[in-house]
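Take a look at the structure set out below.
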Protein chains: 2
Amino acid sequence: MGISNDAVEIRTQGWRRLAALHGLIETGLEKELQTAHKLSVVEFTVLDALSRQDGWHMRMQQLARAAALSSSATTRLVTRLEDRGLLTRILCADDRRGIYTELTPAGLQLLTLARPTHDRVLEESLTEAEKIPELKTLVSALHLTQINPI
Amino acid sequence: MGISNDAVEIRTQGWRRLAALHGLIETGLEKELQTAHKLSVVEFTVLDALSRQDGWHMRMQQLARAAALSSSATTRLVTRLEDRGLLTRILCADDRRGIYTELTPAGLQLLTLARPTHDRVLEESLTEAEKIPELKTLVSALHLTQINPI
DNA sequence: TCGTTCTCGTTGCATGTGCAACTAGTGCAC
DNA sequence: GTGCACTAGTTGCACATGCAACGAGAACGA
């Protein structure tokens, strides 16, 4: 396939593989996080993002970006987690439009329980993906990603 | 923090970046394919997968795998596209449980129209992503992916 | 001060999704 | 043949999502 060295074709194939790998990992995580901790992947992502934040609080829009979600979805996601007592809404003092979401002790505890599951499934999924020829290269590339300061 | 914790951290970070890049690309594609051709990303993916198949037909389960969708979602997706005249269901002669989905001329035509949009947005999204430090490495890795025969 | 414009977060609504239960058909054991 | 387990695809249902419209507050200019 000499002609398919075309840049468009390379990009398309890269995207297909990226999507495939993403789907593989997400589906695995979704199932196990759900059954073991009653958490969806985005819910875990939000709790995890909060725990990595100084003071454990973030604004709605930051959260939306971190979870790759629309603001309306973020509103309802936060409401869900708040109803379960995993985080709380706190009004901004300086900008009264804004709302901080803060991890509660219960939220941190659940996150601590869920992390091992998350890490294990992630490792298993990557191992699984490495057996698929089209995905092997991409998985290695993921490993090689250097750790940057954010 | 031992060595194994580092491995966990590297995987987690890789996964976050993969998810971020995936979200970036998918959101962009979703918007433009929707407004320009009234196609969602999965719908495009299905049409594209069919067009790459010899004889332009696939079984439901193949389609489900190609689109990373559940079988029920695939059923309704195919129904949607069938209602628009973009593909047709054909009963398998040899296995009467099975159903082939086949691209119609109209489906192929729409796909031909949509592909340039898809390719353009994909390129733009990748260029965009390259400007984000955390994603730069991953984007380059995507480019480097060699083309394997499937 | 008032009015305009922008940003932040929430809500009504339509829609796409996964799970579980179901029907139809296949394949195997006996 | 008859029963039994398995696979392929569809449907009821609950639910998470995005878009558009909205209210509330901030920022700015005249």
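Basis for what follows: all heavy atoms, side chains included, without hydrogens, waters or symmetry-related copies.
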For nucleotides 11-23 of chain C, just jot down a letter per nucleotide in 5' to 3' order: B, S or -, based on protein non-hydrogen atoms under 4.0 Å. BBB--SBBB----

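Applying the salt bridge (charged side-chain N to carboxylate O under 4.0 Å, His left out) criterion to A/Glu32, with sequence neighbours excluded, gives A/Arg120. For B/Asp95, the salt bridge (charged side-chain N to carboxylate O under 4.0 Å, His left out) partners at least two apart in sequence or on another chain are B/Arg59, B/Arg97.
Judged purely by atom type and a 3.5 angstrom limit, A/Thr104 uses its side chain to pair as donor or acceptor with the backbone of A/Gly85. With B/Ser51 contributing its side chain and B/Asp48 its backbone, the two residues share a donor-acceptor pair below 3.5 Å.
The shortest side-chain heavy-atom distance between B/Ile90 and B/Thr88 falls under the 4.5 Å cut-off.
One finds a salt bridge joining A/Glu9 and B/Arg52 here, because a Lys/Arg side-chain nitrogen approaches an Asp/Glu carboxylate oxygen to under 4.0 Å.
For DNA chain D, the neighbouring residues in residues 84-103 of chain A, judged by any heavy atom under 4.0 Å, are A/Asp95, A/Arg96, A/Arg97.
For DNA chain D, the span of nucleotides reached by chain A at under 4.0 Å from its heavy atoms goes, 5' to 3', from D/dA16 to D/dA26.
More than 12 non-hydrogen atoms from other residues, nucleotides or ligands lie less than 6.0 angstrom from CD of A/Glu124.
Considering CG of A/Leu21 and OG1 of A/Thr137, their distance stands at 11.0 Å, rounded to 0.5 Å. To the nearest 0.5 Å, the span separating CE on A/Met60 from CG on A/Leu69 amounts to 10.0 Å.
The list of ring-ring contact (aromatic ring centres under 6.0 Å, His included) pairs with a residue in residues 82-115 of chain A, not counting sequence neighbours, reads A/His57-A/Tyr100.
Contacts of A/Glu30 with the nucleic acid, taken as non-hydrogen atoms under 4.0 Å apart, are absent.
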